[in-house]
Engineer: 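Have a look at the structure that comes next, please.
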Amino acid sequence: MPHESIVITGAREHNLKGIDLTLPRDKMIVITGLSGSGKSSLAFDTIYAEGQRRYVESLSAYARQFLGQMEKPDVDHIDGLSPAISIDQKGSSRNPRSTVGTVTEIYDYMRLLWARIGHPHCPKCGREISKQSIEQIADQVLALPAGTRLMITAPMVQGRKGEHREVFEEARRGGYVRARVDGELRDLSETISLDKKYKHDIEIVVDRVVIGPDLRSRLHDSLEQAAKLADGIILLIPVDESSGLSQMLFSQDYACVYDGISMEEPAPRNFSFNSPHGACTVCTGLGLRMEVDEDAVVPDDSLSIMGGALAGWTKGPSQRWLAEVVEAVARRFKIPIDAPWRDLTDAQRRVILHGLPKDETVRMRYVSHSGTVRYFEAHYEGVIPNLQRRYRETDSDWVKQEIERLMMQRPCPACSGRRLKPEFLAVTVDGMSIADFTSPSARDTSPARCSRRSVSGSASSTTSGSTTSPSTAPRRP
């Protein structure tokens with residue numbers, strides 16, 4: 001039966017004078033008191049020291065030689081203790097990606113945990129994906145009822161438009177005689193014509209087998225051949241429809257065979273938002289993105305477009321060209337440029353602020369220094385996309401600062417503020433991604449939730465990427 005408390009008897013470390021204490025497990029505990037009252041002596045020099053010592057003693061002699069052994073603390077007995085972690089006290093970090101978890105380095109343990117025991121899922125359809133060897137696939141096939149007849153096929157095309165003549169030609173050159181096209185078995189010696197306007201499924205038939213005790217060698221060779229043809233994907237099709245078996249799709253890689261999404265084997269670096277291997281490619285691991293705020297672009301809706309409603313976008317000689325562009329768009333869509341912004345329709349405002357579709361152009365007017373007037377067709381990207389693009393592309397700090405006045409931080413649209421790439425956010429332990437596990441604050445993390453969601457040797461409370469348990473104590477600065 002698991003212990004419900006940590007019982008300390010006769011703690012005499014440093015200035016502790018035979019302290020007896022019972023601490024509840026699965027709780028966040030804060031030790032307070034005057035300076036010199038023995039807070040650190042109890043938390044670090046007694047509880048942590050004994051927990052770490054017991055853990056190191058449980059390891060092999062070979063492993064112990066690489067770890068520092070702590071001395072046994074001056075205490076009569078501690079009961080209900082689990083392996084303990086001590087976190088260094090450090091100064092604040094200026095890294096905008098830092099959290100409590102990364103600063104205290106507890107997040108490193110979480111990354112290792114998710115990389116080693118996490119279950120990868122497809123970020124699109126949510127199906128669990130795993131890496132399987134040919135031997136593992138063969139074991140699953142041989143576990144089917146004896147006498148089951150199967151076709152071993154290599155899926156070459158899955159739901160793609162086209163005629164796919166090269167697929168059939170390559171299969172003929174490889175010596176294969178049959179293919180399954182859109183569910184129909186076809187002979188490769190005949191001419192197979194497909195309508196390029198429709199999506200098709202093509203599987204090359206590698207072998208036909210009957211499950212039996214002497215099949216392993218042949219089955220292994222056929223599975224390897226199918227995997228080599230289809231880049232690690234194998235489709236097994238029951239020949240007898242009355243068998244009640246469904247098609248079985250296998251993959252040698254971490255890939256979703258249904259959506260075609262693949263990922264590398266999870267490693268600790270993939271769960272770090274400080275590493276390009278794991279950080280969201282849109283927000284680079286910040287979880288936030290600077291975006292132009294529509295209210296800041298139009299601070300006073302009583303002004304007209306030409307009266308300066310667009311936050312100075314059409315004011316001053318340096319912005320004359322932008323003003324002429326807006327005028328051209330306004331003429332095209334009959335938008336009054338002298339009317340107050342508030343009087344424009346939503347559609348008219350949307351055109352000015354967010355631009356036109358990429359394939360649509362507007363006739364622009366250009367006046368050269370000599371006074372020559374010329375006309376040309378050009379795309380109009382819109383005020384907000386123009387500011388976003390200039391902010392990304394400019395090397396001028398002054399331009400960046402000017403545009404930043406019109407911007408605000410919003411959660412990244414790609415990762416929803418969770419900082420990691422979608423394929424690694426889809427790796428779960430006990431049904432939770434690493435972002436789900438580390439996101440609750442200390443106030444929002446209840447003991448019941450900690451007990452239910454604990455994935456380590458001792459129950460703990462996880463707060464914004466950090467973990468604090470009854471047997472975890474801060475190290476003295």
Side-chain angles (χ1 to χ4, degrees), residues 2 24-30 51 82-88 93 95-124 126-130 254 263-275 277-280 282-288 411-412 414-474:
R25 289 175 60 97
D26 303 343
K27 301 288 184 181
M28 179 180 291
I29 298 174
V30 179
S82 298
I85 297 172
S86 173
I87 301 170
D88 283 323
S93 172
N95 188 339
R97 295 180 180 83
S98 294
T99 66
V100 175
T102 58
V103 170
T104 59
E105 298 176 3
I106 193 68
Y107 191 70
D108 295 341
Y109 295 93
M110 308 306 300
R111 293 193 292 115
L112 181 62
L113 181 68
W114 256 256
R116 293 295 175 261
I117 70 170
H119 298 279
H121 294 77
C122 173
K124 189 172 182 180
R127 292 183 176 93
E128 185 170 347
I129 58 179
S130 61
Y254 282 103
M263 60 181 286
E264 60 183 286
E265 184 172 357
R269 67 182 186 179
N270 298 130
F271 298 93
S272 171
F273 36 76
N274 285 311
S275 166
H277 297 284
C280 170
V282 176
C283 65
T284 64
L286 290 170
L288 299 169
C412 172
C415 65
S416 301
R418 298 193 294 171
R419 300 182 167 203
L420 297 175
K421 293 178 180 177
E423 57 265 35
F424 302 114
L425 287 170
V427 178
T428 64
V429 172
D430 196 19
M432 302 181 73
S433 71
I434 192 169
D436 294 333
F437 192 82
T438 58
S439 60
S441 65
R443 188 180 300 277
D444 296 335
T445 308
S446 65
R449 183 177 185 277
C450 291
S451 177
R452 184 175 69 255
R453 291 299 188 185
S454 176
V455 292
S456 58
S458 60
S460 61
S461 299
T462 303
T463 62
S464 301
S466 66
T467 301
T468 308
S469 69
S471 55
T472 298

Engineer: Please give me the minimum heavy-atom distance between Leu420 and Leu425, naming the atom from each residue.
Structural biologist: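 Smallest heavy-atom distance, with atoms named: O-CD1, 3.4 Å.
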
Engineer: Kindly give the heavy-atom pair with the smallest separation between Trp114 and Met432, and that separation in Å.
Structural biologist: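 Heavy atoms of Trp114 and Met432 come nearest at NE1-O, 3.2 Å.
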
Engineer: Determine the minimum heavy-atom distance between Pro422 and Pro123, stating which atoms define it.
Structural biologist: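 Where Pro422 meets Pro123 most closely, the heavy atoms are O-CB, 3.7 Å.
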
Engineer: Taking only residues two or more places apart in sequence, or in another chain, which ones meet Thr284 in a side chain to side chain donor-acceptor pair (under 3.5 Å)?
Structural biologist: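 Per chain and number, Thr284 pairs via side chain to side chain donor-acceptor pair (under 3.5 Å) with Arg97.
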
Engineer: With no hydrogens and no angle check, is any side-chain donor or acceptor of Ser272 less than 3.5 Å from a backbone partner on Arg269?
Structural biologist: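 No, because the side chain of Ser272 does not come within donor-acceptor range (under 3.5 Å) of the backbone of Arg269.
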
Engineer: Tell me which one of Glu128, Arg127, Glu423 satisfies side chain to side chain contact (heavy atoms under 4.5 Å, CB included) with His121.
Structural biologist: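 Answer after filtering Glu128, Arg127, Glu423: Glu128.
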
Engineer: With rounding to the nearest 0.5 angstrom, report the OG1 to CZ distance, Thr102 to Phe273.
Structural biologist: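 Spacing of OG1 (Thr102) from CZ (Phe273) equals 5.0 Å.
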
Engineer: Under the salt bridge (charged side-chain N to carboxylate O under 4.0 Å, His left out) definition, can you give me all pairs with a residue in residues 106-120, not counting sequence neighbours?
Structural biologist: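 Found Asp108-Arg111.
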
Engineer: Please list, chain by chain and in numerical order, all residues satisfying side chain to side chain contact (heavy atoms under 4.5 Å, CB included) with Cys283, sequence neighbours excluded.
Structural biologist: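 Scan of Cys283 (side chain to side chain contact (heavy atoms under 4.5 Å, CB included), adjacent residues dropped) gives Cys280, Cys412, Cys415.
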
Engineer: Do any N or O atoms from the side chain of Ser416 and from the backbone of Arg418 form a donor-acceptor pair under 3.5 angstrom?
Structural biologist: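 Flag not set: sc Ser416 to bb Arg418 has no pair under 3.5 Å.
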
Engineer: Kindly compute the distance separating CG (Asp436) from CG (Asp430), expressed to the nearest 0.5 Å.
Structural biologist: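 Atom-to-atom, Asp436:CG and Asp430:CG are 11.5 Å apart.
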
Engineer: Closer than 3.5 angstrom, by distance alone: can the side chain of Tyr107 be matched with the main-chain N or O of Phe271 as a donor-acceptor pair?
Structural biologist: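 At least one qualifying donor-acceptor pair exists.
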
